[in-house]
Amino acid sequence: MRKTMVAGNWKMFKTAGEAAILVQNLEDVAHDCADDAEVVVAPPFTALHSVKTVIALDKPQITLAAQDMFWEEEGAYTGEIAPRMLTDLGVAYVIVGHSERRQYFGESDEVVNCKACAVFAHGMTPIICCGETLETREAGQTPDFIAGQIRCALKGIEETCAVNLVIAYEPIWAIGTGKTATPEMAEKVCKDIRALVEELFGETVSARVRILYGGSVKPENAALFFAQPDIDGALVGGAALSVEGFAPIIKAARK
Ligand code: 13P
């Protein structure tokens, strides 16, 4: 019912040429697993065009995502990227509210909401990220904290859009640290997120929204996360930077 999404967030890695080679090398596995996995790659902005060119040339079994976006149509916003610049390149998904953007660039829940609304308004789909710090988890505040992030991120979003939504639960303490949440811990949070989506938009929407886990997903542990009932895929950082790391994670989504 919900197709597993395996998304690679390449963060600030790879030149345009390197990214094009990587996506080319991922095409066979994406093609072989196409019935069970939607493979998504999010290169840096400077590599979107080269990656898009490769995807368009071969059979398009890989979907293009951007790592961020500004919400204004255009204007004097030095360094920012407008929605139309992304749709023009065939971008289908935009990651919004990644914890690194919140942590290093001061993005608030309100900013995340503006971005999510703008992504939908331009016919793309946001991958909205949420996740708690270790301090928040140890204080037993994870459920309230995540619910607060999601409620704010989804303010004003219509049900017709929400049905396509992707949410990524990425506990900050598990990102790039080699520490993962256990599949059971991740499932619990993802289940709570789905219940909140149901409260906000109803059962039909909550049954269709995809919820991903992110945070040190590797070939060895991916299948354990995919086996959880409320986890519909993974947002992968480090392991998505090579074919050796990413291809087995895509294969783990096979039914
Ligand atoms: P790692 O897989 O490197 O922990 O990164 C996860 C992440 O932040 C994906 O967005």
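Since this is a predicted model, take the numbers as computed values, not measurements. Counting starts at 1 for both ligands and their atoms, in listed order. Quick note: numbers below take in every heavy atom, side chains included, and nothing from hydrogens, waters or symmetry partners.
Interface atoms of ligand 1 facing Gly215, defined by a heavy-atom separation under 4.0 Å, are 4 (O), 6 (C). Set against the non-hydrogen atoms of Glu170, the atoms of ligand 1 under 4.0 Å away are 6 (C), 7 (C), 8 (O), 9 (C), 10 (O). Which parts of ligand 1 touch Ser216 is read off a 4.0 Å heavy-atom cut-off, strictly below it: atoms 1 (P), 2 (O), 4 (O). Counting the atoms of ligand 1 from 1 in the order shown, those under 4.0 Å from a heavy atom of Leu235 are 9 (C), 10 (O). Shown in contact with Ala174 at under 4.0 Å from a heavy atom are these atoms of ligand 1, numbered in order with element: 4 (O).
Looking at Thr177 next to ligand 1, no N or O pair under 3.5 Å apart turns up. At least one N/O-N/O distance between Gly238 and ligand 1 falls below 3.5 Å. Considering both main-chain and side-chain atoms, His98 comes within under 3.5 Å of ligand 1 through a nitrogen or oxygen pair. On a distance-only criterion, Gly237 and ligand 1 share at least one N/O pair closer than 3.5 Å. At a 3.5 angstrom cut-off on N or O pairs, Gly176 counts as close to ligand 1.
Residues Thr53 and Ser50 have side chains that never bring a donor and an acceptor to within less than 3.5 angstrom of each other.
Glu170 contributes no side-chain N or O that, together with a main-chain N or O of Gly131, makes up a donor-acceptor pair within less than 3.5 Å. A side-chain donor-acceptor contact under 3.5 Å links Arg194 to the backbone of Val209.
Test Arg102, Lys115, Arg151 against Asp109 for salt bridge (Lys or Arg N to Asp or Glu O under 4.0 Å) and you get one pass: Arg102. Each of Trp10, Phe13, Phe246 was compared with Leu22 under the side-chain contact (heavy atoms from CB on, under 4.5 Å) criterion, and only Trp10 meets it.
Here Asn9 has side-chain heavy atoms under 4.0 Å from ligand 1, and that is the only part of it that gets that close. With a 4.0 Å heavy-atom cut-off, ligand 1 is reached by no atom of Ala168.
Checked for salt-bridge contact, Lys251 and Asp32 miss the test: no charged N lies under 4.0 Å from a carboxylate O. Salt bridge Lys3/Glu38: absent, no basic N to carboxylate O contact under 4.0 Å.
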Residues Asp35, Lys255; criterion salt bridge (charged side-chain N to carboxylate O under 4.0 Å, His left out); working and verdict: CA-CA 9 Å; Asp35 287 344; Lys255 299 280 183 302; over 6 Å; no
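Annotation: atom 5 (O) of ligand 1 to nearest protein heavy atom, Lys11 NZ, 3.3 Å.
The side-chain heavy atoms of Val41 and Val51, taken from C-beta on, include a pair separated by under 4.5 Å.
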